[in-house]
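For reference, the structure discussed in these notes is given below.
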Amino acid sequence: MNFIITTPLYYVNDKPHLGSVYTTIICDSIARYKRLRGEKVLFITGVDEHGLKIQRTAFNNGVSPKEHCDEISEIFKKNWLKWNISFNKFIRTTSPEHEKVVHEFYEKVKASNDIYMGEQKGWYCVGCEEFKDNPDNSPSYKCPIHKKNLEWKNENNLFFRLSKYQKAIEELIQDPEFIEPKERRNEIINFVSKGLKDFSISRTNLDWGIRVPDYINHTFYVWFDALLGYVSSISSDDNKYSLDSSIESGWPANVHIIGKDILRFHAIYWPAMLISAGMKPPKKILGHGFLTREGQKMGKSLGNVLDPENLLKKYGEESVRWYLLKDISLGSDGDFQDRRFVDIINNDLANTIGNLLNRTTSMSRKWFNNQTPPLSEKNNNELITLANKSTKNFLTYFDNFKIDKASNEILVFATNVNLYLNKKEPWSLIKDDKNINEVKLIIYNVLEATRIIGTLIRPILPEFSIKILYQLGENNIENKDWEENLKWGLLPESRSLPKPIPIINKLDYE
RNA sequence: GUCUCGGUAGCUCAGCUGGUUAGAGCGGCGGAUUCAUAGCCCGCAGGUCGCGUGUUCAAGUCACGCUCGAGACACCA
């Protein structure tokens with residue numbers, strides 16, 4: 001059984017921004033975690049390539065929509081590789097695989113009698129080519145973008161019978177596991193309680209999209225198209241890609257990770273569409289918060305947008321990962337502060353964990369012939385208890401998507417190990433030969449604790465984890481069972497330790 | 001306008017169903033130590049718990065009002 005996790009399919013109107021990096025990093029760590037726990041993971045990401053905005057952006061750049069999409073999609077894909085994202089599928093909504101699945105899906109929904117031709121009417125901005133919300137003063141209201149009066153317009157569109165699924169959706173969102181965090185769930189419940197209305201799924205003024213089979217001048221509107229990428233991606237690499245083979249390969253998704261801005265579509269429209277097609281709704285929708293910058297909203301007009309590419313170059317992907325995963329509680333808004341960023345990386349990764357590794361391996365090498373100490377006796381010690389406790393907490397937190405708390409648990413343990421070391425003072429004990437056995441035990445214990453720290457951090461910072469374990473003389477880490485390696489006492493005695501080198505350099509303020 | 005969530009030390013936040021001197025991390029200051037990436041460890045830091053009123057023997061923790069911030073109120077990735 002696959003564990004299916006998705007990022008949103010990012011809109012290729014522009015290059016990846018920090019928000020999409022954030023979402024994707026969250027997904028990546030969860031995907032890695034599940035794999036380490038022995039699950040077969042299908043981590044899906046991709047791009048949404050249709051729509052008026054893209055058509056227009058391409059036109060403005062003097063290229064065809066196809067060329068534009070090819071270019072930006074490639075940028076996205078390469079970008080995720082640069083960030084060391086372990087995705088399994090990258091779906092493009094302009095791909096033939098996707099188009100086929102959309103058509104098959106449409107037929108199923110149609111067969112359920114949930115598609116009908118209706119009239120979309122409302123106040124329309126010619127400049128935006130969009131229907132606007134109806135403000136009270138619509139006739140005199142001016143579109144803020146184009147400064148023009150709105151026009152009343154009727155347009156024939158295909159509609160999806162969402163109203164029919166009022167009850168089904170109410171039942172679905174009743175489950176507290178379905179939408180997280182709670183605050184967002186309340187909003188959705190509130191919204192649904194006011195009654196669901198049918199929504200349009202096609203457009204006639206739009207060329208850049210998937211054609212609706214029965215109506216030659218209609219293309220599918222964004223939600224009917226893009227969300228289906230989650231499904232079509234599953235069988236996209238098969239020889240015989242199809243809706244059915246996608247379903248057979250593991251639908252439904254276990255979790256959609258999304259920004260809070262697109263929650264409603266994922267928590268209401270999407271499940272209803274799936275039920276209509278006789279498919280299962282996703283098991284969970286997890287909406288994370290937005291990122292601000294030094295307390296302010298990021299925006300082009302403010303000129304304070306943080307370019308992820310710069311961050312990557314300046315700090316490296318794992319530092320950014322640590323900051324985003326450890327310091328921001330998943331679901332809440334998070335603030336990106338340069339000063340805090342530097343402090344956190346230096347404190348957590350370099351001082352607390354990095355230095356712990358460095359001091360323990362140094363002692364061991366110095367006193368035990370460049371090796372881990374030989375033991376004459378095994379012992380019970382407080383670090384075993386602490387390790388077991390932190391490991392257990394870590395797993396529980398991660399299982400509940402509390403990645404920040406899980407990360408912090410590693411830090412708690414590392415601090416405890418530093419504490420243990422300071423209390424035992426092996427550097428004092430070693431001065432007297434009769435203490436040698438005790439020193440052996442102490443050093444073994446802190447090395448072993450550090451090994452567990454290095455193992456635990458793996459789904460959060462994969463490279464950092466490997467570096468730690470390598471310094472402890474571990475090899476072939478990829479092929480070892482992760483959970484098994486969380487158990488105490490696996491560090492071999494008298495094993496050669498490489499010369500310690502800092503596994504992470506401290507950052508400086510600008 | 002209606003509704004939801006939040007406003008706790010310089011910063012980021014914990015504080016469950018009300019109960020001894022309000023907590024953590026980071027920053028700042030001082031100390032101790034040397035195995036280590038000037039690091040780890042120890043101590044200090046005196047914050048009207050947004051404002052006001054009320055309920056109560058007792059409120060950061062409940063009720064009401066106000067204020068500030070974020071968000072939802074259907075076609076905006």
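Chain A is the first sequence line, chain B the second, and so forth, proteins listed ahead of strands; every chain is numbered from 1.
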Under a 3.5 Å limit on both distances, the Watson-Crick or wobble mate of A72(B) is U2(B)
Q) Between U17(B) and U21(B), how far is it from one C1' atom to the other, in whole Å? A) 24 Å
Mind checking the C1' distance from C11(B) to G27(B)? Whole angstroms is fine. 7 Å
The Watson-Crick or G-U wobble partner of G43(B), with both key distances under 3.5 Å, is C29(B)
Base, sugar-phosphate alone, or nothing: which one does Ile503(A) contact when heavy atoms must sit under 4.0 Å apart? base
Inset, instruction - Indicate, with a heavy-atom threshold strictly under 4.0 Å, whether Phe159(A) touches base, sugar-phosphate, or nothing. - result: base
Review point. Reckon Arg264(A) touches a base, only the sugar-phosphate, or nothing at all at heavy-atom distances under 4.0 Å?
Key: base
In Watson-Crick or G-U wobble terms, with both distances under 3.5 Å, the base opposite U55(B) is none
Q: Would you mind classifying the nucleic acid contact of Ser200(A) as base, sugar-phosphate or nothing, using non-hydrogen atoms under 4.0 angstrom?
A: base
Any donor-acceptor pair under 3.5 Å linking the side-chain atoms of Gln471(A) with those of Thr361(A)? no
Separation of A70(B) atom P from Leu291(A) atom CG, nearest Å, is 16 Å
Partner of G23(B) under the Watson-Crick or G-U wobble criteria, both distances under 3.5 Å, comes out as C13(B)
With the side chain defined as heavy atoms from C-beta on, Arg359(A) is closest, among C35(B), C26(B), A77(B), to C35(B)
Quiz item: When rounded to the nearest Å, what value does the distance between P atoms of G52(B) and C44(B) take?
Solution: 31 Å
**OP:** In whole angstrom, give me the gap between the C1' atoms of A14(B) and C49(B).
**Re:** 13 Å
Regarding the side chain of Phe265(A), the nearest nucleotide among C35(B), C76(B), C73(B) is C76(B)
Would you say Asn347(A) places a side-chain N or O within less than 4.0 Å of OP1 or OP2 belonging to G27(B)?
yes
Review point. Reckon Gln337(A) touches a base, only the sugar-phosphate, or nothing at all at heavy-atom distances under 4.0 Å?
Key: sugar-phosphate
Exercise. Check whether any side-chain N or O of Asn351(A) sits under 4.0 Å from OP1 or OP2 of C40(B), and answer yes or no.
Key: yes
(Q) Using atom C1' in both nucleotides, what's the gap between A22(B) and G18(B) to the nearest angstrom? (A) 14 Å
Against the six-membered ring of Phe290(A), is Lys260(A) placed for a cation-pi contact (under 6.0 Å from the centre, within 45° of the normal)? yes
Measure the acute angle between the ring planes of His256(A) and Trp270(A), then classify it against the limits of 30° and 60° as parallel, tilted or perpendicular. tilted
Ranking Asn13(A) and Thr352(A) by the position along RNA chain B of their nearest nucleotide, the one closer to 5' is Thr352(A)
From CH2 of Trp322(A) across to P of G25(B) the rounded distance in Å is 15 Å
Paired with Tyr116(A), the ring-ring contact (aromatic ring centres under 6.0 Å, His included) test is passed by just one of Tyr215(A), Phe159(A), Phe160(A), namely Phe159(A)
Determine the Euclidean distance between corresponding P atoms of U2(B) and U55(B); express it in Å to zero decimal places. 27 Å
Rounded to whole Å, NZ of Lys431(A) lies from P of U34(B) at a distance of 6 Å
Note to self: Work out how far the C1' atom of U33(B) is from that of C41(B), and round it to whole angstrom.
What the structure shows: 8 Å
Is there a side-chain hydrogen bond (donor to acceptor under 3.5 Å, both in side chains) between Asp114(A) and Ser276(A)? Walk through the geometry before answering. CA-CA 7 Å; Asp114(A) 287 333; Ser276(A) 168; 2.6 Å; yes
Per atom distances to the Tyr221(A) side chain, the nearest of C76(B), U4(B), C35(B) is C76(B)
**Request:** Tell me what Asp261(A) touches on the nucleic acid: a base, only sugar-phosphate, or nothing, going by heavy atoms under 4.0 Å.
**Result:** base
Taken to the nearest whole Å, CG/Leu263(A) to P/G71(B) is 15 Å
Whole-Å P distance, G46(B) and A58(B):
31 Å
| query | Parallel, tilted or perpendicular for Phe224(A) and Phe220(A), by the 30°/60° rule? | reply | parallel
> Looking for any heavy atom pair under 4.0 Å, which part of the strands does Thr415(A) touch: base, sugar-phosphate only, or nothing?
Replying inline: sugar-phosphate
Whole-Å distance, Asp327(A) CG to A14(B) P, equals 12 Å
* To do: Look at all strands and tell whether Ile504(A) reaches a base, only sugar-phosphate, or nothing, counting heavy atoms closer than 4.0 Å.
  => base
Closest to the side chain of Asp333(A), out of C40(B), C11(B), A70(B), is A70(B)
Residue pair Phe290(A)/Lys506(A) against RNA chain B: nearer the 5' end by closest nucleotide is Lys506(A)
Per atom distances to the Val222(A) side chain, the nearest of C41(B), A77(B), C35(B) is A77(B)
Rounded to whole Å, the CD1-C1' distance (Ile328(A) to C26(B)) equals 15 Å
- Ring-face cation of Arg185(A) near Phe178(A) (centre distance under 6.0 Å, axis angle within 45°): no
Closest of C35(B), A74(B), C76(B) to the Leu196(A) side chain is A74(B)
For Lys194(A), report the nucleic acid contact type (base, sugar-phosphate, nothing); a contact means any heavy atom under 4.0 Å.
sugar-phosphate
The nucleotide from C40(B), G71(B), G25(B) with an atom nearest the side chain of Lys260(A) is G71(B)
Practice prompt. For Leu9(A), answer base if it contacts any base atom (sugar-phosphate contacts may also be present), sugar-phosphate if it contacts only those atoms, and nothing otherwise; contact means non-hydrogen atoms under 4.0 Å.
Written response: sugar-phosphate
Out of C40(B), U37(B), G71(B), minimum distance to the side chain of Ala350(A) belongs to U37(B)
Closest to the side chain of Ile262(A), out of A77(B), A74(B), G25(B), is A77(B)
Give the ring-plane orientation class for Phe341(A) versus Tyr323(A), where under 30° counts as parallel, over 60° as perpendicular and anything between as tilted. tilted
To the nearest angstrom, the CD1-P distance between Ile268(A) and A72(B) comes to 13 Å
Checking N1-N3 plus N6-O4 or O6-N4 for Watson-Crick, or N1-O2 and O6-N3 for wobble, each under 3.5 Å, the partner of C66(B) is G50(B)
Phe191(A) atom CZ is separated from U2(B) atom P, nearest whole Å, by 20 Å
Of the listed C41(B), C3(B), C35(B), the closest approach to the Leu419(A) side chain comes from C41(B)
- Task: Classify the nucleic acid contact of Gly195(A) as base, sugar-phosphate or nothing, counting any heavy atom under 4.0 Å across all strands shown.
- Result: base
Run the ring-centre check on Tyr230(A) versus His266(A) and record whether the distance is less than 6.0 Å.
-> yes
